[in-house]
Amino acid sequence: MTAGGQAEGAGAGADPDPISSPLPSRLAKLLSALFYGTCSFLIVLVNKALLTSYGFPSPIVLGLGQMAATIMILYVSKLNKIIHFPDFDKKIPVKLFPLPLLYVGNHITGLSSTSKLSLPMFTVLRKFTIPLTLLLETVILGKQYSLSITVSVFSIILGAFIAAGSDLAFNLEGYIFVFLNDIFTAANGVYTKQKMDPKELGKYGVLFYNACFMIIPTLVISVSTGDFQQATEFNQWKNVLFIIQFLLSCFLGFLLMYSTVLCSYYNSALTTAVVGAIKNVSVAYIGMLVGGDYIFSVLNFVGLNICMAGGLRYSFLTLRSQSKLKQPVDEESIPLDLKS
């Protein structure tokens, strides 16, 4: 996990990375990119299998498992000096707020929408994060965007509306959750850019303290709503395959973050972003064949393709503009949609 310190640089306060090869081999570059792409792809499929195929009734409990795994792995890694982030002090909650609330909102609504939507529609509707983020950045940060970016974002919106209007498996609750997820994701990204100084806590510190602050309130909500009881009474807990996939989902949340910084370390943040964009397209099309909840229609398929084309065009334009910058591209600057 020491690649994270290299990816964050001195800003994260990390110790020097023991992965000391100044010129990573082609094999290391290839394997790190494959590792990231595999983790990013698998976590979507595993979560979908748990929440839809097995019918696990509690996205909140699954989220709690992922938070617990993140806390445990990061804390043990910190104790063994594999990674570094600041010890707790009373200023940290003030520095983070309201990021923990956005973190848990993003986490739970993402899992809830995964359970209620087909993978193609989930992937397409998640792309509304892009126009929402651009809108918030325009209003809050005063940014302006080129005509090419605006046209690509318009095609994302147009394709998503066409696909949603012809979605034969329409689920109102799923749509509400995924749009809330888009809002949480966009707000989290914009707020982080405006308020949060990554040089103080670093990626590991932000992730660790977000999970620490929200795991108990999330557990209380789960217990008080009866959600936790539904999870404990679930009839698949004696199924070894289900348990393996549940634990895999918990640890994949952390592995995804680790593989992201590892790929950025051996390659670049731009390579990581490109792999993420390819993964999104793969999930959408493979999701038509797995999961069992996608109902094909010509108009819906056309809308999906327009939205995917717009998303890839947006990714290309964003990455091209970043590659022209003189300074190194920080992993934190990768567009949210490419990492989702």
Side-chain angles (χ1 to χ4, degrees), residues 33 36-38 40-45 47-49 52-53 109-110 113-135 145-172 174-183 185-186 270-322 334-340:
Y36 164 68
T38 301
S40 184
F41 181 74
L42 280 178
I43 192 169
V44 177
L45 294 186
N47 287 341
K48 183 63 178 176
T52 301
S53 300
T109 55
S113 55
T114 301
S115 69
K116 298 181 182 297
L117 296 173
S118 66
L119 286 178
M121 288 308 302
F122 172 77
T123 305
V124 164
L125 295 175
R126 282 287 290 127
K127 288 191 177 296
F128 269 104
T129 299
I130 296 175
L132 283 173
T133 301
L134 266 60
L135 176 63
Y145 295 93
S146 67
L147 178 61
S148 298
I149 289 284
T150 304
V151 170
S152 65
V153 170
F154 177 77
S155 66
I156 291 172
I157 296 173
L158 176 63
F161 271 113
I162 293 174
S166 54
D167 182 11
L168 300 181
F170 176 80
N171 183 305
L172 178 60
Y175 272 61
I176 292 173
F177 275 125
V178 78
F179 281 121
L180 286 174
N181 187 229
D182 291 337
I183 292 171
T185 302
L270 298 181
T271 300
T272 305
V274 170
V275 174
I278 295 172
K279 178 270 300 182
N280 283 337
V281 175
S282 301
V283 167
Y285 289 111
I286 292 176
M288 296 179 185
L289 305 176
V290 301
D293 52 357
Y294 174 72
I295 302 177
F296 176 84
S297 72
V298 174
L299 197 57
N300 179 265
F301 186 73
V302 170
L304 287 172
N305 281 278
I306 293 174
C307 186
M308 288 298 161
L312 287 174
R313 175 65 176 168
Y314 167 82
S315 302
F316 169 76
L317 292 171
T318 305
L319 296 177
R320 186 176 64 177
S321 66
Q322 287 182 350
I334 297 175
L336 289 167
D337 177 67
L338 303 188
K339 299 193 289 184
S340 63

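A quick note: this is a predicted structure, and the numbers were derived from the prediction, not measured.
The shortest heavy-atom contact between Leu304 and Pro120 is CD2-O, 3.8 Å. The two residues Gly310 and Ser155 come nearest to each other via the heavy atoms CA-OG, 3.1 Å. A pairwise comparison of heavy atoms in Phe41 and Leu45 identifies CE2-CD1, 3.1 Å as the closest pair.
By the side chain to side chain contact (heavy atoms under 4.5 Å, CB included) test, Ser297 pairs with Ser166, Leu168, Asn300, sequence neighbours left out. Listed by chain and number, the residues in a side chain to side chain contact (heavy atoms under 4.5 Å, CB included) with Phe161 are Phe128, Ile157 (sequence neighbours excluded).
The closest donor-acceptor contact from the side chain of Asn181 to the backbone of Phe177 lies at 3.5 Å or more, if one exists at all. Counting only distance, with no hydrogens or angles, the side chain of Lys48 and the backbone of Leu117 share a donor-acceptor pair below 3.5 Å.
To the nearest 0.5 angstrom, Cys307 atom SG is 10.0 Å from Ile162 atom CD1. Separating the OG1 atom in Thr109 from the CD1 atom in Ile176 is a distance of 12.5 Å, to the nearest 0.5 Å. With rounding to the nearest 0.5 Å, the separation of CD1 in Ile43 from OG1 in Thr38 is 13.0 Å.
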